[in-house]
*Asks:* 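Supplied in structure tokens, the structure appears directly below.
Values below: every heavy atom of this structure, side chains too, minus hydrogens, waters and symmetry copies.
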Amino acid sequence: QRLITPPLLQPTERNAATYPCRLVHPDHPVNTEGTFLLHRRQDRTIEVLDEHRIIGTVDGEPAQDLNDYLDNKPDCAGILPIAPVRNDGAYLDFAIPAEDEQ
């Protein structure tokens, strides 16, 4: 490994956390091609919206992490675009894209 010359330009390392969202209606298919929105209500519950329709909720420790994240972003007004990662029927996993990707 020491003998291999590193590339001249190395991309910055990125990591993204994924969060689970429990789907409100798991029997209805969710199109993961679109853009979803993360919405924090006044009571600090976290919802996932597909356009204007609530498709899921985030509970437990992931909701706490997202509330902490949103507390540090007062300019977003409790709404963020999210990117779906995978859907297994009952849950939708999503990530928050980096600011330069939005």
Side-chain angles (χ1 to χ4, degrees):
Q1 191 70 335
R2 289 182 325 157
L3 300 176
I4 298 174
T5 305
L8 183 61
L9 301 174
Q10 290 186 340
T12 58
E13 185 174 323
R14 293 186 180 191
N15 57 0
T18 59
Y19 299 96
C21 162
R22 184 175 42 85
L23 296 175
V24 175
H25 299 287
D27 50 334
H28 296 141
V30 174
N31 182 7
T32 57
E33 298 298 317
T35 301
F36 297 118
L37 294 175
L38 182 77
H39 174 251
R40 176 168 67 176
R41 298 174 56 138
Q42 289 184 355
D43 62 357
R44 297 181 63 84
T45 57
I46 306 287
E47 302 171 331
V48 174
L49 305 173
D50 181 10
E51 295 183 8
H52 62 277
R53 184 174 56 105
I54 299 171
I55 62 167
T57 58
V58 181
D59 303 314
E61 191 175 321
Q64 177 71 33
D65 291 345
L66 290 168
N67 274 311
D68 292 343
Y69 181 80
L70 290 169
D71 287 342
N72 293 323
K73 297 229 176 250
D75 57 332
C76 73
I79 297 175
L80 288 174
I82 58 174
V85 176
R86 89 184 126 265
N87 179 2
D88 73 356
Y91 284 88
L92 172 73
D93 293 341
F94 64 90
I96 299 172
E99 290 182 9
D100 59 346
E101 294 176 4
Q102 295 180 4

*Asks:* Using 0.5 Å steps for rounding, measure from the CD1 atom of Ile82 to the NE2 atom of His39.
*Replies:* 12.5 Å

*Asks:* Hey, quick one: are Val48 and Ile54 part of the same hydrophobic cluster, counting side-chain heavy atoms closer than 4.5 Å, chains of contacts allowed?
*Replies:* no

*Asks:* Which pair of non-hydrogen atoms, one from Leu70 and one from Cys76, has the smallest distance, and what is that distance?
*Replies:* CD2-SG, 3.6 Å

*Asks:* Nearest heavy-atom pair of Thr18 and Ala95: which atoms, and what distance?
*Replies:* CG2-CB, 4.4 Å

*Asks:* Provide the closest heavy-atom pair for Asn67 versus Arg44 in the form atom of the first, atom of the second, distance.
*Replies:* ND2-O, 3.0 Å

*Asks:* When rounded to the nearest 0.5 angstrom, what is the spacing between CD1 in Ile46 and CG in Leu38?
*Replies:* 5.0 Å

*Asks:* Distance check, rounded to the nearest 0.5 Å: Leu37 atom CG versus Leu80 atom CG?
*Replies:* 8.5 Å

*Asks:* For the CZ atom of Arg40 and the CG atom of Leu66, what is their distance to the nearest 0.5 Å?
*Replies:* 9.5 Å

*Asks:* Do any N or O atoms from the side chain of Asp59 and from the backbone of Arg22 form a donor-acceptor pair under 3.5 angstrom?
*Replies:* no

*Asks:* Do Ile79 and Leu49 have side chains that get closer than 4.5 Å, going by heavy atoms?
*Replies:* no

*Asks:* Rounded at 0.5 Å granularity, tell me how far CZ in Phe36 sits from CG in Leu92.
*Replies:* 6.0 Å

*Asks:* How far does SG of Cys21 sit from CD1 of Ile55, to the nearest 0.5 angstrom?
*Replies:* 5.5 Å

*Asks:* Measure across Pro97 and Pro81 and return the closest heavy-atom pair with its distance rounded to 0.1 Å.
*Replies:* CD-O, 3.5 Å

*Asks:* Hey, is the main chain of Arg53 close enough, under 3.5 Å, to the side chain of Asp50 for a donor-acceptor pair?
*Replies:* no

*Asks:* So if you build clusters from Ile, Leu, Val, Met, Phe, Trp, Tyr with side-chain heavy-atom gaps below 4.5 Å, do Phe94 and Tyr69 land together?
*Replies:* yes

*Asks:* Taking the side chain from Asp88 and the backbone from Ala90, do they hold a donor-acceptor pair closer than 3.5 Å?
*Replies:* yes

